[in-house]
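Labels below follow one simple rule: chain letters A, B, ... track the order of the sequence lines, proteins then strands, and each chain is numbered from 1. Everything numeric in this text was worked out from a predicted model, so none of it was measured.
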Amino acid sequence: MDYQFKDIEQKWQQFWAQNQTFKAQDKSSKPKYYVLDMFPYPSGAGLHVGHPLGYIASDIFARYKRLKGFNVLHPMGYDSFGLPAEQYAIQTGQHPALTTEANIATYRRQLDQIGFSFDWSREVRTSSPDYYKWTQWIFMQLFNSWYNKAADKAESIDTLVKHFEQHGSAGINAVSDEEVLTFSADEWKAKSNIVQQNELLKYRLTYLRESTVNWCPALGTVLANDEVKDGFSERGGYPVEQKKMMQWSMRITAYAERLLQGLDKIDWPEPLKEMQRNWIGKSTGASVKFPIESQESKVKSQDYIEVFTTRVDTIFGVTFLVIAPEHELVAELTTPAQKTEIDAYIVQTKKKSELDRMADAKTVSGAFTGSYVINPLNNERVPIYIADYVLAGYGTGAVMAVPSGDQRDFLFAKHFNLPIVPILDTQNIVDEADSTKEGKYINSAFVNGLDYKEATAAIVAKLEELKLGKAKINFRMRDAIFGRQRYWGEPVPVYFKDGLPHLISEDHLPLLLPEIDKYLPTESGEPPLGRAEGWVYQGAPSKSPPVGETSLSHEAGSYRETADPVYYEQLKDFSRDNRNQPTQTEDILWQLLRKEQTGYKIRRQHAIDQYIADFVSLEKGLIIELDGHHHKLNKEADDARTETLNHFGFEVIRFTNDEVLQSPQGVFETIKEKLDALPERDKTHFTGDQKVSPTGGDLEGAGYAYELSTMPGWAGSSWYWYRYMDANNDKEFASKEAIEYWKDVDLYIGGSEHATGHLLYSRFWNKFMKDLNLVVEEEPFKKLINQGMIQGRSNFVYKIGYAISYPPVYGNDVEDEIISEKRYNELDKIGPQILISKKWYNEYLNNEGYKEFLYNFLKEELSKNIQLKSSNSSMYDGAFIDENILKVLPTHVDVNIVENDILDIKKLRSSRKDYQNAILILEDGSISSPTGGGREGAYICGVEVEKMSKSKFNVVNPDDLIARYGADTLRMYEMFLGPLEQSKPWNTNGIEGVFKFLRKFWRLFHNDAWEFKVSDAEPTKAELKSLHKIIRKVEEDVERFSFNTSVSSFMIAINELTDLKCNNRQILQDLVIVLSSYAPHICEELWTLLGNEAGTLSYAPYPKFNPAFLVEDEFAYPISINGKTKMNLNISLSLEPKDIEAYVLANADVQRYLDGKQPKKVIVVKGRIVNMVV
RNA sequence: GCUCAGAUGGUGGAACUGGUAGACACGCAGGACUUAAAAUCCUGUUCCCGUUAAAGGAGUGCGGGUUCGAUUCCCGCUCUGAGUACCA
């Protein structure tokens, strides 16, 4: 029978599924090998031909490793939480779980028909509760951990608490928030639980903190840095803005150094590592404090400005300091004389969006504050400027400017006429800064004459001695925002009590995603989970209550002396800050309330217990609070706060900012009425002997609000490779034995788009899990390969766009308007489309005469083919075509109706209505019209390489190709296309060659009548040579992931064996094994035809290469003269170079080439070449 | 701007440690089979000059270097792609 790929492929796919042929063994004496593809998101669009590229490569590798005797783990699953399903749900109201399910089914069907050897018994889905239970569990471990810098690893938060209890905060070297408290052991123990928990939150590896986030209003969620590209969201391309929000974050910065170091130990593509290095952004330098020049009467909150620099050696070249406009000291540093200028500049920068700021990079702008710092090493006065080229978010938000060494500083200095002092004798600073490190220092006091290394060391030493600086390492990487204000993600296993986050009990995992009515934020702007009814935590908070969970106010004697004196002191500091920087609404209200305008003394930003009240009347016990509109999770905190304040004898009234802005007077009246109505404050509560629970009861029966945001897309994919090791375990995320056996991923294949997202977060979680001894390897992916992108190859037709203008109607020239592009396109629909072939398009571009031809042609065709009439027909009477508006537009045409750039005109006509009556000028100049019959010439389309996408009509679907050629052909063709890592355009043209090859292979096993027939004779030498060449070639190629070259070699081998008329069983059987990882279906079929047991091919031993079969006794030496090959000579390989030389020189043809001359030198490389120098 | 990767026929690409550049495949041209088409098979196919077959010459983005010999190594440049960006 001829090669029937359809039947064969279906048969074997079924067989593999039924027999679980590719199930990996949990326990095995074989060595393990773990081949993984990057977790796919099952999108609704289905696969295009570019998607399976990496899967085919990894599958070939996995199959090859099985043949080589490895126990191979090759799983597949779905990263099934994510934005697209949710966006779709918002539009259609369909539950994302349903659409996701449907998408997975499509995805699976498409994967199955390509014949992958996945172990489907281990399939995972991040959106399944069995799976996200463990994502939540890992989140809990992160919450319960801190990073101990001394041990350089994460540890349980218990060890931190123990340390605090025994030694206080002294001796702790941790990665934490910047502002942490300092306290003794006794002070710690004296703190209320709330204060303690608040403090611990600053150390936890996942924490809640008010931070500046990338807010995307269109998606209604925050995004991580890697999800933002050039100020727009990566998914959807919506604008992103900066916003302060209470957010869950992951303290990935704790691992910055280890993430960087680890890169040196893994076999990844260099560009990928480079991207991670850039993202981590380590820079070694020094921090230097520049004392602020004292000014009479002005009290500063700080008497120095700290800068970070990587070139501390240039400190003698500092001629000014630049701080970011957002720098906290700007207000204090601005002198009255400079205030207008500075304010104007700040307003100007605020107006600029991120994008403007980037685009504006070239223009110099800034403003002088009027203040000076002192250069600590030469005591010179250094003016302080603000400028937006200094970023508040990097380093300290301040730079020491060295115009001689830094181009931005140089431009700034030129612009503001600031001095430029050279500091190295080799510097050339006439036109631009020179950042050289060569030469000896000048103008640099005690380092004059030293070189770069010496000077740097000397300066750092000096600064350290002065206690004004030290060597420092800075990282660009920020902590990763972990919450998303979206529905379709893992719920965060956290509830809120006293405004503080608490973990739910492990017994209550998984915390299931609740059902909601609409997948939209609530009216009050809470995330979608705010819609879930009754979604509150009822259980016990944890098995062992958090340390120190006692009454918060057992020491409270008065509102000033709260439970925690240290904390209270800090609050007073914050209050002072707040008073200095009132918000707009606070300021409006304060102007009305101050100076007893209500009849009572009002204080603003006043610390009470652990809170700061916006406004308070101590006399009447009334607290006035201003709120932005807020989040449900803040409400829990607000309620707790109100309750506590009530307890201290205060009544709380709240206004929103909007209320104040709209009617300040009304707000004032309400407050006044309230004050008048209130009695004197009851102070009896301040005895402190009462046990107070701020939430009004014990946990039993109480409902605590859950966290309303969900986890980001990368949560589930940051550990999934461990789940595959033990996918069905319901006791642990994976068993210890499984992890110890499989350890890590040996080969990971996927796209480079995950470089700074998934691959960085995964390494982070892996290191964390290693620290907790949950896993055994420091790095999860030993070897990684980026498959290149498959680009689309678009085809174009060249459409004549024409417009019709009208003469003045009724003496009115209104109609003679300039026709806009849009109108022009509308008009071009009134007649038939006219398309010109590629040659004529080039003619149109380069030849004025042809334009005229087209114009005349068009006029004639139009008068012939259409009547210029419509409902108001007079409009078209006498209409004329405007030559100036005639244009030829390259227009995408569906690549599926084009073959070898030749358009299928019939298919074109039936594809779209507006092409039905099209007139085509063909390559040979003849014309194809709908009425004209007979044979037609060719219409040649234009070609361009672009992204593969529906809108460009260049999507090639693997389903179609499999239907035409089969999966084996598709697999081999995708590999044949070129090196795996390289991006390349898809062109279906070559696929025939691969198909022919498989048929030729099939035919080796069959006689002319297509009957299966092999011979049992002893193989010939030539046959064995062909076989062993390919055995070795495939081994070499697969090991170095050069799949394209082995496909070529297969073709060569089959061509050779066909020429040898080989149908030898021994040869063919080994060949089947060698080819089976590339084209598994056809090989399985032939394997059983050869009489082997079905299903045994996948685990057959790979044939052993025997070099003896390749040994030649002769070699056709290329004979070259001065490096140019002239001829070949067959010479026995047993001859030594000397004899070869003699043999070659004796040859008559060689003598002819030498033309009687004696060669100066003869180079003979045995088995390679003979070269003569004349 | 910086970093990285790359540039070989009409096309995808091969040449692995410096040793016959263009393997393999597509496309194209010619031929066989056929009434015809499809399929299949055979031959040719880097460019230039040229021929009866020849014989020459040039040639791996450009310019130089090292070498008996360079697509491969070194230096400088051009272009393309990717990443990143006032990162101090």
Side-chain angles (χ1 to χ4, degrees), chain A residues 229-230 269-275 277-279 281-283 285-286 307-312 314 322 324 357-358 360-364 387-391 393-402 405-409 411-412 474-477 752-753 755-756 786 788-789 791 793 900-901 943 945 972-973 976-979 981-994 996-997 999 1033 1036-1037 1040 1042 1044-1055 1116-1128 1159-1165 1167-1174:
Chain A
K229 290 254 138 68
D230 300 328
E270 202 47 48
L272 197 77
K273 291 200 211 175
E274 200 58 31
M275 278 163 78
R277 286 195 193 102
N278 287 338
W279 192 262
K282 180 179 178 176
S283 44
V307 304
F308 175 74
T309 175
T310 53
R311 285 296 299 274
V312 74
T314 63
V322 188
R357 229 168 127 157
M358 280 194 278
D360 249 16
K362 301 265 149 19
T363 55
V364 177
D388 62 7
Y389 80 85
V390 174
L391 306 175
Y394 184 75
T396 59
V399 302
M400 56 176 228
V402 185
D406 182 285
Q407 185 58 19
R408 294 175 319 242
D409 297 344
L411 292 173
F412 196 86
N474 212 12
F475 290 97
R476 191 172 80 100
M477 184 166 65
S752 59
E753 67 272 21
T756 49
N786 281 135
M789 270 237 298
Q791 291 144 319
R793 190 175 180 280
N900 288 330
D901 299 337
V943 179
V945 172
M972 289 197 84
Y973 184 58
F976 183 64
L977 224 45
E981 287 105 321
Q982 227 169 71
S983 286
K984 56 234 155 192
W986 178 267
N987 188 348
T988 309
N989 279 349
I991 200 167
E992 297 271 350
V994 174
K996 278 190 224 165
F997 153 76
R999 255 190 103 206
K1033 180 72 176 158
E1036 285 173 358
D1037 286 354
R1040 66 190 171 105
S1042 174
N1044 56 322
T1045 48
S1046 33
V1047 178
S1048 298
S1049 305
F1050 277 126
M1051 291 176 171
I1052 294 168
I1054 299 306
N1055 286 346
Y1117 280 90
I1119 311 297
S1120 49
I1121 294 171
N1122 293 336
K1124 295 272 174 211
T1125 310
K1126 297 291 176 186
M1127 59 185 288
N1128 286 333
K1160 266 188 228 155
K1161 195 177 172 189
V1162 179
I1163 293 113
V1164 179
V1165 183
R1168 287 268 190 198
I1169 200 166
V1170 177
N1171 189 21
M1172 284 170 286
V1173 188
V1174 183

Check nucleotides 7-13 of chain B for protein N or O atoms closer than 3.5 Å to its own N or O atoms and list the pairs.
{"from": "B:G12", "atom 1": "O2'", "to": "A:L977", "atom 2": "O", "distance (Å)": "2.5"}
{"from": "B:G13", "atom 1": "OP1", "to": "A:Q982", "atom 2": "OE1", "distance (Å)": "3.3"}
{"from": "B:G13", "atom 1": "O3'", "to": "A:N1044", "atom 2": "ND2", "distance (Å)": "3.4"}

Query raised in the report: With distance as the sole test, does A:K1033 use its side chain to make a donor-acceptor pair with the main-chain N or O of A:T1045 at under 3.5 Å?
Result: no
Requested in this report: Name the nucleic acid region contacted by A:V1165, choosing base, sugar-phosphate or nothing; use a 4.0 angstrom heavy-atom cut-off, strictly under.
Outcome: base
Report task. With sequence neighbours left out, write down each residue that passes side-chain hydrogen bond (donor to acceptor under 3.5 Å, both in side chains) with A:N987, or none if nothing qualifies. Result -> A:N989
**Report entry** Heavy-atom closest pair, residues A:P1118 and A:I1169
**Finding:** O-CG1, 3.6 Å
Report task. Can you tell me, in whole Å, how much space there is between the C1' of B:U71 and that of B:A21? Result -> 7 Å
Query raised in the report: Taking CG from A:D409 and P from B:A88, how many angstroms apart are they, rounded to a whole number?
Result: 12 Å
Query raised in the report: A:R1168 has an atom CZ; how far is it from atom P of B:G18, in whole Å?
Result: 10 Å
Report task. Taking syn as within 90° of 0 and anti otherwise, name the glycosidic form of B:G9. Result -> syn
Query raised in the report: Which nucleotide in the list B:A88, B:U40, B:U20 gets nearest to the side chain of A:I1169?
Result: B:U20
Query raised in the report: Rounding to a whole Å, what distance do you find between A:L272:CG and B:U84:P?
Result: 12 Å
Query raised in the report: Does the side chain of A:N1055 get closer than 4.0 angstrom to OP1 or OP2 of B:A25 through an N or O atom?
Result: yes
Query raised in the report: Can you tell me how far C1' in B:U67 sits from the matching atom in B:G12, rounded to whole Å?
Result: 33 Å
Query raised in the report: Donor-acceptor pair, A:S1120 side chain versus A:V1170 backbone, under 3.5 Å?
Result: yes
Query raised in the report: Sequence neighbours excluded, which residues qualify as side-chain hydrogen bond (donor to acceptor under 3.5 Å, both in side chains) partners of A:S1046?
Result: A:Y1078
Query raised in the report: So, does A:D409 use its side chain to make a donor-acceptor pair with the main chain of A:V402 at under 3.5 Å?
Result: yes
Query - Any donor-acceptor N/O pair, A:R476 side chain to A:N278 backbone, under 3.5 Å - result: yes
Could you go over nucleotides 26-30 of chain B and give all protein N or O partners under 3.5 Å, atom names and distances?
{"from": "B:C26", "atom 1": "OP1", "to": "A:K996", "atom 2": "NZ", "distance (Å)": "3.1"}

Query raised in the report: Between atom CD in A:E270 and atom P in B:G83, what is the gap in whole Å?
Result: 17 Å
Report task. To the nearest Å, give me how far apart CD1 (A:I1163) and P (B:C68) are. Result -> 7 Å
Report summary line: Those residues at least two apart in sequence (or on a different chain) that pass side-chain hydrogen bond (donor to acceptor under 3.5 Å, both in side chains) with A:K996 are none
Query - 5′-ward residue of the pair A:W279/A:S1120 relative to RNA chain B - result: A:S1120
Query raised in the report: How many Å lie between NZ on A:K282 and C1' on B:U3, as a whole number?
Result: 19 Å
Query raised in the report: For the pair made of CD1 in A:I1121 and P in B:A55, what is the distance, rounded to whole Å?
Result: 15 Å
Query raised in the report: C1' atom, B:G81 versus B:A29: distance in rounded Å?
Result: 35 Å
Query raised in the report: With respect to the side chain of A:P271, which nucleotide from B:C24, B:C68, B:C4 is positioned closest?
Result: B:C4
Report summary line: All heavy atoms of A:Y394 vs all of A:S283, minimum pair found to be OH-OG, 2.9 Å
**Report entry** Carboxylate-amine/guanidinium proximity below 4.0 Å for A:R277 and A:E274
**Finding:** yes
Query - Length of the line joining A:Y1117:OH and B:G69:C1', which is rounded to integer Å - result: 16 Å
Report task. Considering only atom C1', compute the distance from B:G56 to B:U17 and round it to an integer number of Å. Result -> 35 Å
Query raised in the report: Which stems does RNA chain B form, counting runs of 3 or more consecutive Watson-Crick or G-U wobble pairs with both distances under 3.5 Å?
Result: B:1-7 with B:78-84, B:10-12 with B:24-26, B:27-32 with B:40-45, B:46-48 with B:56-58, B:61-65 with B:73-77
Report summary line: Looking only at B:A88, B:A25, B:C86, the nucleotide nearest the A:D388 side chain is B:C86
Query raised in the report: So A:V1173 and A:I1163, side chain to side chain contact (heavy atoms under 4.5 Å, CB included) or not? Walk me through it.
Result: CA-CA 8 Å; A:V1173 188; A:I1163 293 113; 4.0 Å; yes
Query raised in the report: Hey, does the side chain of A:Y973 reach the backbone of A:G990 with a donor-acceptor pair shorter than 3.5 angstrom?
Result: yes
Query - B:A15 to B:C73 separation - P atoms, rounded to the nearest Å - result: 14 Å
Query raised in the report: Which value, in whole Å, describes the distance between the P atoms of nucleotides B:G63 and B:U8?
Result: 16 Å
Report task. Kindly give the heavy-atom pair with the smallest separation between A:Y1117 and A:R1168, and that separation in Å. Result -> CE2-N, 3.8 Å
Query - B:U46 to B:C42 separation - C1' atoms, rounded to the nearest Å - result: 23 Å
Query raised in the report: Touch check for A:K273, heavy atoms < 4.0 angstrom, all strands: base, sugar-phosphate only, or nothing?
Result: nothing
**Report entry** 5'-most by nearest nucleotide on RNA chain B - A:V399 or A:N1171
**Finding:** A:N1171
Query - B:U80 to B:C28 separation - C1' atoms, rounded to the nearest Å - result: 28 Å
